[in-house]
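As the structure lists them, so they are numbered: ligands from 1, and atoms in each ligand from 1. Starting from 1, each residue takes its place in the sequence as its number.
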Amino acid sequence: LAPPISPEPASDSVESPPAPLGFAVVGAGYWGPNLIRNILRCDDADLRWVCDLDVARARKAIGRQSAVQVTESLDTVLDDPTVQAVAIATPAHTHVPVALAALEAGKHVIVEKPLATSVDDGRKLVEVAADAGLVLMCDHTYCYTPTVRHIRDMVAGGELGDIQYVDSIRINLGLVQPDVDVFWDLAPHDLSILDFVLPADARPVAVAAHGADPIGAERACVGYLTMPLANGGMAHVNVNWLSPTKVRTMHVGGSRRMLVWDDMNPAQRLTVHDRGVELSGTMNVEVRRDTLISYRIGDMVAPALPESEALGGVIREMIAAVREDRPAATSGESGLWVLQVLDAVGRSLDAGGALVPLPAAN
Ligand SMILES: NC(=O)c1ccc[n+]([C@@H]2O[C@H](COP(=O)([O-])OP(=O)(O)OC[C@H]3O[C@@H](n4cnc5c(N)ncnc54)[C@H](O)[C@@H]3O)[C@@H](O)[C@H]2O)c1
């Protein structure tokens with residue numbers, strides 16, 4: 001399991017704080033401004049540069065009055081010794097060249113999901129960062145939401161018991177992407193959450209993928225992943241760009257409790273059900289009278305969870321990982337595992353939905 005995420009900063013610290021970490025953001029399109037806003041809000045971070053090939057976009061992202069510098073030149077950013085960390089929010093196919101240049105310039109790096117567009121490229125980033133002793137973090141944003149942190153803590157603390165199944169639905173009327181299918185677009189979220197919350201004995205060991213392209217987009221627009229877990233349980237992920245409604249739900253069933261996460265219901269995102277099914281005896285038809293199925297129907301609890309922007313947690317975790325010289329909770333390795341699953345998904349689709357083995361966590 002990844003190390004715990006750094007907590008909210010203590011407000012009553014008596015030691016003098018270390019100097020803020022110097023950041024640059026590369027890519028100021030749709031997602032980059034979210035990184036910019038959260039770095040600017042963080043007292044432990046100092047945003048030095050915003051870099052975009054379209055420099056007007058970089059300027060617009062920080063506002064005309066801001067003292068943050070803008071440029072279209074990555075070299076200018078990387079030559080600045082006050083920049084210690086680079087957050088990359090450029091399109092996926094540019095992640096590797098930009099991240100490699102930043103690592104080779106001695107900068108710590110946050111890369112947007114997906115880490116890269118191939119397993120080999122992702123592994124190269126992980127190796128270069130490790131050899132240079134630099135933090136490589138993948139922005140698996142959901143892992144920094146209070147809900148996912150709570151689920152992870154419940155699983156790790158044994159409150160759910162043995163994990164029996166996970167059912168994740170991520171569907172909406174989405175933009176059909178020009179360069180990736182629905183698995184590469186949406187499933188990294190579900191996969192990174194599974195990587196983050198599931199214990200070693202309940203990790204996915206294989207994947208079978210089925211996809212459909214009913215609109216002739218020449219890529220899967222509707223997709224299903226079936227993943228047997230190491231302990232005999234099952235995880236299932238449904239991703240879809242053609243749904244009339246936006247659904248973001250995850251059910252996690254355990255032998256002690258079951259939980260339902262509905263991310264579209266901010267008033268009650270998480271409910272924990274003290275319910276279960278237990279079987280004693282045998283299910284053999286001949287001796288059915290010896291079989292006892294008992295249903296436990298207990299309380300349902302909705303934990304009070306704070307609302308906080310996940311990207312703020314991403315930035316704080318990056319700073320903590322750099323200061324403590326440790327891997328980030330969503331490290332390059334976790335980004336690589338997601339790529340390995342997506343690669344296996346492609347091979348399963350090519351093989352008509354065959355089950356393809358997955359590597360253990362990196
Ligand atoms: N974590 C999340 O939930 C989340 C959500 C949305 C997007 N993303 C990821 O963020 C990344 C960016 O997505 P987007 O939707 O913002 O894309 P976008 O196309 O809106 O923006 C990308 C920006 O990068 C700039 N750019 C491209 N190549 C560059 C280079 N070499 N140097 C400097 N600037 C360059 C472009 O000019 C553009 O402004 C993608 O990897 C995407 O998967 C993550």
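- Using a cutoff of 4.0 Å between basic side-chain nitrogens and carboxylate oxygens, Arg296 and Asp274 are scored as salt-bridged.
- A side-chain hydrogen bond (donor to acceptor under 3.5 Å, both in side chains) check over residues 54-73, counting only residues at least two apart or in different chains, returns the pairs Ser73-Thr76.
- Looking at Leu53, Val50, Asp52, it is Asp52 that brings a heavy atom closest to atom 36 (C) of ligand 1.
- Residue nearest to atom 17 (O) of ligand 1, selected from Tyr144, Trp184, Tyr142, Tyr30: Tyr30 (by heavy-atom distance).
- Not a single heavy atom of His140 sits less than 4.0 Å from an atom of ligand 1.
- Look at Asp120 and Lys124 and you find no salt bridge, because none of the NZ, NE, NH1 or NH2 atoms lies under 4.0 Å from a carboxylate O.
- Looking at Thr94 next to ligand 1, no N or O pair under 3.5 Å apart turns up.
- Evaluation of the side chain to side chain donor-acceptor pair (under 3.5 Å) rule for Arg248 yields Asn172 as partners, not counting sequence neighbours.
- Those atoms of ligand 1 that come under 4.0 Å of a heavy atom in Asp139, given as number and element, are 1 (N).
- Close approach of ligand 1 to Arg57 is summarised as follows: ligand atoms under 4.0 Å from at least one heavy atom of the residue are 36 (C), 37 (O), 38 (C), 39 (O).
- Between Lys113 and ligand 1, at least one N/O pair is under 3.5 Å apart.
- Contact atoms of ligand 1 toward Val26: 32 (N), 33 (C) (distance under 4.0 Å to a heavy atom of the residue).
- Ligand 1 has at least one atom lying under 4.0 Å from a heavy atom of His189.
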